[in-house]
Amino acid sequence: MSERVERGRGRGDVDDYEQHGGFPVYRATEDDGGPDFGRLVEALRTIQDLGVSTAPPPDVVRRAAEQAEALVALLEPHRVPEGQQPGGRSMGLPGRGSLLMMPWTVEKFDATGVRSTGVFRRFHMGGNGAAHGGTLPLLFDDLFGMITHAYGRPISRTGYLHVNYRKITPIDTRLTVEGQVDRVDGRKTFVSARLVDAEGTLLADCEALMVVLLPGQP
Ligand SMILES: CCCCC/C=C\C/C=C\C/C=C\C/C=C\CCCC(=O)SCCNC(=O)CCNC(=O)[C@H](O)C(C)(C)COP(=O)(O)OP(=O)(O)OC[C@H]1O[C@@H](n2cnc3c(N)ncnc32)[C@H](O)[C@@H]1OP(=O)(O)O
């Protein structure tokens, strides 16, 4: 892996962060959450699936609410500031262990582009078996963050993001998204990506502008 891409993965020297606008120091991690963190995140995702796909009787709802509240009480004392939690920084886990990001697996991460595969789950559904339209910009936006990192650009914010919805995006179906840097112009990085199914059918494509932050810019 080149030094440039290594830095993009967040393993560079702390001084690198002088060029990341006003972002807090934010390091990728492999195992800060311990051996059971991936299990916990996956169980929480399944609870999100079940929360929108079950119709339990009242006594089961009451017991589930009690257990959920007990879990909240267990975790509540362990809140930490942004950048110190394993969720969202665990590069070895689907969706980097984030509950917001798509729980997809990165297959390729280098300066020529990033590819990731996974499924939109039941809790991502909009209607009639299709992923909610708002989940696709999330998928693409996070991919573009990774693409600019892998390309060696400082942390950038999305200036615009244009999605073309070409076909219905099904849930519970393995899909692939892949994109790359198309052009760099000063602070501006122009990126694009495509979402396809297993047969290679184009479901959506997207192009966006990522703008490198100025010193101190949030
Ligand atoms: C988070 C880090 C995690 C790290 C974990 C470690 C490892 C993990 C690996 C990878 C991490 C992966 C992903 C996570 C990272 C990020 C992904 C998410 C990114 C986002 O989701 S971020 C949220 C949404 N995003 C915003 O919240 C932006 C709000 N906004 C602003 O903050 C300003 O708006 C800003 C800064 C964009 C620009 O403002 P500014 O004042 O600095 O600069 P200015 O306006 O001069 O623009 C400069 C040049 O861009 C052109 N330009 C700008 N906007 C344009 C537009 N819309 N259309 C056409 N051209 C545009 C101008 O025309 C000019 O071009 P020119 O120089 O040629 O005139």
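If you read the sequence from its start, that first residue is 1, and numbering goes on from there.
- Classification of Glu207 and Arg183 as a salt-bridged pair fails, no side-chain N sitting under 4.0 Å from a carboxylate O.
- To the nearest 0.5 Å, the span separating CG on Asp49 from CG on Asp172 amounts to 7.5 Å.
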Sequence neighbours excluded and cut-off under 3.5 Å, please list the side-chain donor-acceptor pairs for residues 127-136, or say none.
| unit_1 | atom_1 | unit_2 | atom_2 | d |
| --- | --- | --- | --- | --- |
| His132 | ND1 | Gly134 | N | 2.9 |
| Thr135 | OG1 | His132 | O | 2.6 |

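- The distance from the OG1 atom of Thr117 to the CZ atom of Arg174 is 4.5 Å, given to the nearest 0.5 Å.
- In this structure, CE in Met101 is found 4.5 Å from CG in Asp142, a value given to the nearest 0.5 Å.
- The aromatic rings of Phe120 and Trp104 lie perpendicular to each other, with more than 60° between the two planes, well past the 30° mark.
- In terms of heavy atoms, Thr54 sits closest to Leu50 at OG1-O, 2.6 Å.
- The minimum heavy-atom distance between Val80 and Gln85, with the atom names listed, is CG2-N, 3.7 Å.
- Taking a cutoff of 4.0 Å between a charged side-chain nitrogen and a carboxylate oxygen, Glu42 and Arg45 qualify as a salt bridge.
- Pro103 and Arg121 get closest at one heavy-atom pair: CG-CD, 3.8 Å.
- Separating the CD1 atom in Ile147 from the CZ atom in Phe109 is a distance of 9.5 Å, to the nearest 0.5 Å.
- Across all their heavy atoms, Ala193 and Leu143 have their closest contact at CB-CD2, 3.5 Å.
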